[in-house]
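A short write-up of the structure that comes next.
The sequence lines fix the lettering, A, B, ..., with proteins before strands; numbering per chain opens at 1. Here the structure is a predicted model, which means the values were calculated and not measured.
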Amino acid sequence: MATERYNAREVEARWQETWNEKDVFVTHNDDPRDKYYVLEMFPYPSGRIHMGHVRNYAMGDVVARFKRAMDFNVLHPMGWDAFGMPAENAAMQNNVHPKDWTYQNIATMRDQLKIMGLSLDWSREFATCDVAYYTQQQRLFLKFLDAGLVYRKNAKVNWDPVDMTVLANEQVIDGRGWRSGALVEQRELTQWFFKISDYSEDLLEAIDTLDRWPDKVRLMQKNWIGRSEGLRVRFEFFGAAPTGDTTLEIFTTRPDTLFGASFMGLSPDHPISIKLAETNPELQSFIDECRRVGTSEEAIEKAEKKGIDTGLRVKHPLDASIELPVYVANFILIDYGTGAIFACPAHDQRDLDFARKYGLNVKPVVLPKDADPATFEIEDEAFTEDGTIFNSGFMNGMTIADAKQAVAEKLERTQVNGQAQAKRQVNYRLRDWGISRQRYWGCPIPVIHCDSCGVVPEKYENLPVKLPDDINFDKPGNPLDRHPTWRETSCPNCGKPAKRESDTMDTFVDSSWYFARFTAPGCDQPTDPDAATKWLPVDQYIGGIEHAILHLLYSRFFTRAMQKVGAVDLKEPFKGLFTQGMVTHETYKSDQGEWLSPAEIKINETNGNRIAVHADSGLPVTIGAIEKMSKSKKNTVDPTDIIETYGADTARWFMLSDSPPERDVIWTEEGVQGSWRFVQRVWRLVNDLATNARRHEIDLAKSNGKALDLRRATHKTLDGVTKDLEALGFNRAVAKLYEFTNVIGKAAQQAGKDQQLDACLYEAAECLVQMFAPMMPHLAEECWSVLGHKVLVSQAKWPSVEKTLLIDETITMPVQINGKRRGEISVPREASKEDVEAATLQEDFVKRALDGNPPRKVIVVPQRIVNVVA
RNA sequence: GCGGACGUGGCGAAACUGGUAGACGCAAGGGACUUAAAAUCCCUCGACUUCGGUCAUACGGGUUCGAGUCCCGUCGUCCGCACCA
């Protein structure tokens, strides 16, 4: 009875239609069952979905379908992170409106997602560029403003003087604008900020409550917030600085190394640096040079350490006879501490590099354990580890921690100009969140600039502040800024003519609350507090590791801010977090050095050597490294092509196989084909059993022999797969299902001969189908129907494990002699340690190893292992 | 530069809290079926070996009856760094 080949395209379309017709995945807020909210990070509508999306959404869909089978009321929505720069770039390059470009991309990508067969509630879909969405975001902004969580201050941006536009850090390449190639300058602009720093301590402390987050993400967030306890110390100038200051205030976390101070460092943006530069052209040009490095911390810290002596001198706070020079240095960040430091080159690498360059003093004050104080010297590497303080007067012999205490106490009591010389301070690396963007395609900031009243929030009843459609990108700069009429409005306060703010919000704002919006997507307020309370927090959030810090931290802040204004009633938005790895692929280069796509090449394998040639020309091709799929390296595979050839189930199955989900996965053609073969094999097997095994009204519990063995395998697999899916161990679940399919395949050779075995085969087949249903839902529906079910497998309850079948009466224990495996014994499961030991010593291979001597020791780990020490 | 992770056969990997290293899949080789091919099915598959074993989880040490797993150090690869999303 030849079963027809499984036709994925036809079958998948048919079941998708059925799900759609029956509204199988539409979720109701009034469903009384326990809720489960699973969410994958929503995509940016870049044009087409890529394999990374397939992997991300396949994982989320497995969770959604699995939890649904566990009888939860599952919320599994989808939307679009639709504002952002690529739409404006497309507008400039292809003369297409950002709005049209975005909505067209959404339409394409929605279709692509739909053919993946994801169990999404599409009725809740929205895009962040929908007026309805950003209206509510503007409302939230105003509420935050009322609550004191928003303010304005000056901040630096990268400025392209040729394109007359603000550049993102990624648009600055080696200090030049990506399009114009012009040297980038820094400009100060007045910008809007969210006061995330109000929550520094809370955001840090609450990390410990996020026990279903990966440890590495929690650690990264802790380091990002960067709490440090230190000392603010005021150093007295000899004379005064040109700003009139008589002291220079610095922040340090290493006051214990104060006796190792060699010089003072000012940020190029420090007020004293700027004042001095007015009369010092050399310093001015140095500051200008620093500003061309860009605003990213990476660029600043990677640059060679450089500086200029200001000529100013300060007194050492612990020894007035020591005079320290004050430098302006390029590695000091204005945003951290006070923008000024004291440098101890012996115990800080940056300070050491600087001191070596300018021939400054290097005096070690922390002595490593076992080092000789008479000969210990610093060479090219600063000593930053633990040790004992020396060369430091009253602190000599102390530990670092004690010295920090001692110096803080002393300086707190010392007076300089009537103030304490130092005070203890907790400092955070976390800075307030600047949200102003000088761009068109974003959520307009709903404020108005009035000549009389200043900056005035727009009235709630006047929302939304809509983006105008009649704009163009034929000139550089922000189209909102130069729109003929859009900025003109009247002051909500005094009614006089006034101008709208033309900055729009950072797109991270859009993605900081979308998860709350999904709980009541049509609400005429940002959230429906009842719905939000019912659904939040998100039980399982899944997305890329690249969002480990910013997006997740901003969302955590936003949730607190929303709680403050009454929009939600919780602090932490994501109870469970999973960060999946990337999809990678080999890269190929022609002999001309051009990147080639996998579709353009052919691979021949001879004697294990893989040789690539150009598919058309036959010219040689170099096989390069395996890298993250990216358009620039052309090593991408289009999910639509794969799905057309093999079907969505095969693509999903392959994305979940092999690699652990948190690790990168390599896309290979052979791997997909392996998945495809499995789909066909399951299809044949299920059809075979549906025809030959038949269901029988028989008590399965009376099974014995082969039938019992099969039942044991069924329930052990069910138990294992259930646990694996619970823990998101998709690759382990897949391996178990392969193994189980092999077991059923063997047992199926006896189908039709024995009713008891047939009944167990039927049970096995049904369990198999249900277990892979979350991963390959279309194939599962088709198989489920072939097995005679009228209800959808998507709506069936997860089968329950018979615990008694998980326990074997006899177990095999490996026997080690001196820690090396030498054989094994079979013992009853409940055998005592003594019985196991006795049985072990009876074995010939043990007797031979002992050579007539008694064992020195026998270690029995029940149900695990026996180790005989000879 | 700072911060974070990862490293096991030809390849992707498995191994629950320290207890049989390599399950499962891919690739490869051999065989069956076929006029042939595809598909399918069966077998082999870490290295060395005097066939007793020996060596193997990036490398070098350590703890332990026992280490892929714990500790110290080294090397390599990848990710994030606040205006990409």
| query | Between which residue ranges does RNA chain B form stems of three or more consecutive Watson-Crick or G-U wobble pairs, both distances under 3.5 Å? | reply | B:1-7 with B:75-81, B:10-12 with B:24-26, B:28-32 with B:40-44, B:46-48 with B:53-55, B:58-62 with B:70-74
| Would the A/Tyr541 and A/Phe578 ring centres measure less than 6.0 Å apart? | no
| note | By nearest-nucleotide position on RNA chain B, the 5'-leaning member of A/Arg848 and A/Tyr554 is A/Arg848
| Nearest to side-chain heavy atoms of A/Glu670, which nucleotide of B/A27, B/G66, B/G25 | B/A27
| query | Are A/Asp808 and A/Lys716 ion-paired here, with the side-chain N under 4.0 Å from a carboxylate O? | reply | yes
| query | Under a 4.0 Å heavy-atom cut-off, which of residues 213-228 of chain A touch RNA chain B? | reply | A/Lys216, A/Leu219, A/Met220, A/Asn223, A/Trp224
| said: Regarding A/Ser659, tell me which of base, sugar-phosphate or nothing describes its non-hydrogen contacts under 4.0 Å with the strands shown. | reply: sugar-phosphate
| message | Under 3.5 Å, is there a donor on one side chain and an acceptor on the other for A/Ser46 and A/Asn105? | response | no
| Reckon A/Val815 touches a base, only the sugar-phosphate, or nothing at all at heavy-atom distances under 4.0 Å? | nothing
Please write out each protein N/O paired with an N/O of nucleotides 75-77 of chain B under 3.5 Å, distance rounded to 0.1 Å.
none

| request: For A/Phe508, answer base if it contacts any base atom (sugar-phosphate contacts may also be present), sugar-phosphate if it contacts only those atoms, and nothing otherwise; contact means non-hydrogen atoms under 4.0 Å. | output: base
| query | With no angle test and no hydrogens, is the base of B/C83 tied to the side chain of A/Arg439 by a donor-acceptor pair under 3.5 Å? | reply | yes
| said: For A/Ser675 and A/Val157, find the nucleotide of RNA chain B closest to each by heavy atoms; which residue's nucleotide sits nearer the 5' end? | reply: A/Ser675
| Does A/Asp163 use its side chain to pair, donor to acceptor, with the backbone of A/Thr165 at less than 3.5 Å? | no
| Separation of the P atoms in B/G73 and B/C78, to the nearest angstrom | 24 Å
| task | Name the closest nucleotide to the A/Leu550 side chain, picking from B/G1, B/A82, B/A27. | result | B/A82
| Ion pair check, A/Arg437 and A/Asp506, cut-off under 4.0 Å | yes
| Whether A/Trp653 and A/Phe678 hold their rings parallel, tilted or perpendicular, with breakpoints at 30° and 60° | parallel
| Any cation-pi pair here, A/Arg429 with A/Trp224, using under 6.0 Å and within 45°? | yes
| message | I want to verify the glycosidic state of B/G80; is it syn or anti under the 90° rule? | response | anti
| message | Does the structure place the NZ or CZ of A/Arg187 under 6.0 Å from the centre of the six-membered ring of A/Trp159, at an angle of no more than 45° from the ring's axis? | response | yes
| task | Indicate yes or no for a side-chain donor-acceptor contact from A/Asn330 to the backbone of A/Glu304 under 3.5 Å, with no hydrogens or angles considered. | result | yes
| said: For B/C2, does the base pair up with any side-chain atom of A/Gln349 as donor and acceptor (N or O, under 3.5 Å, distance only)? | reply: no
| query | Does the side chain of A/Glu546 come within less than 4.5 Å of A/His551's, by heavy atoms? | reply | no
| message | Checking one value: the base orientation of B/G52, syn if chi is within 90 degrees of 0, otherwise anti. | response | syn
| said: Tell me if the side-chain of A/Glu298 makes a donor-acceptor pair with the base of B/C81, cut-off 3.5 Å, by modelled atom types. | reply: yes
| request: Please state the C1' separation for the pair B/U40 and B/G76 - nearest whole angstrom. | output: 44 Å
| field | Nucleotide nearest A/Asn867 (side chain, heavy atoms from C-beta), chosen from B/C65, B/C24, B/C41 | value | B/C65
| query | Between B/A39, B/A14, B/C55, which nucleotide gets closest to the side-chain atoms of A/Arg663? | reply | B/A14
| query | If you round to the nearest 0.5 Å, how far is OG1 of A/Thr650 from CZ of A/Arg677? | reply | 11.5 Å
| request: Could you check whether the rings of A/Trp683 and A/Tyr6 sit parallel, tilted or perpendicular, using 30° and 60° as the cut-offs? | output: tilted
| said: Quick check with a 6.0 Å cut-off and a 45 degree axis cone: is A/Lys153 positioned over the face of A/Phe193's six-membered ring? | reply: yes
| Closest listed nucleotide, where the reference is the side chain of A/Gln191 and the choices are B/C83, B/C55, B/C24 | B/C83
| query | Can you tell which of B/A82, B/C26, B/C41 lies closest to the side chain of A/Arg677? | reply | B/C26
| Nucleotide nearest A/Asn731 (side chain, heavy atoms from C-beta), chosen from B/C83, B/A85, B/A14 | B/A14
| request: Please determine, for the side chain of A/Glu739, which listed nucleotide (B/A23, B/C83, B/G66) has the closest atom? | output: B/A23
| field | A/Val861 side-chain proximity, nearest of B/G19, B/A85, B/C65 | value | B/G19
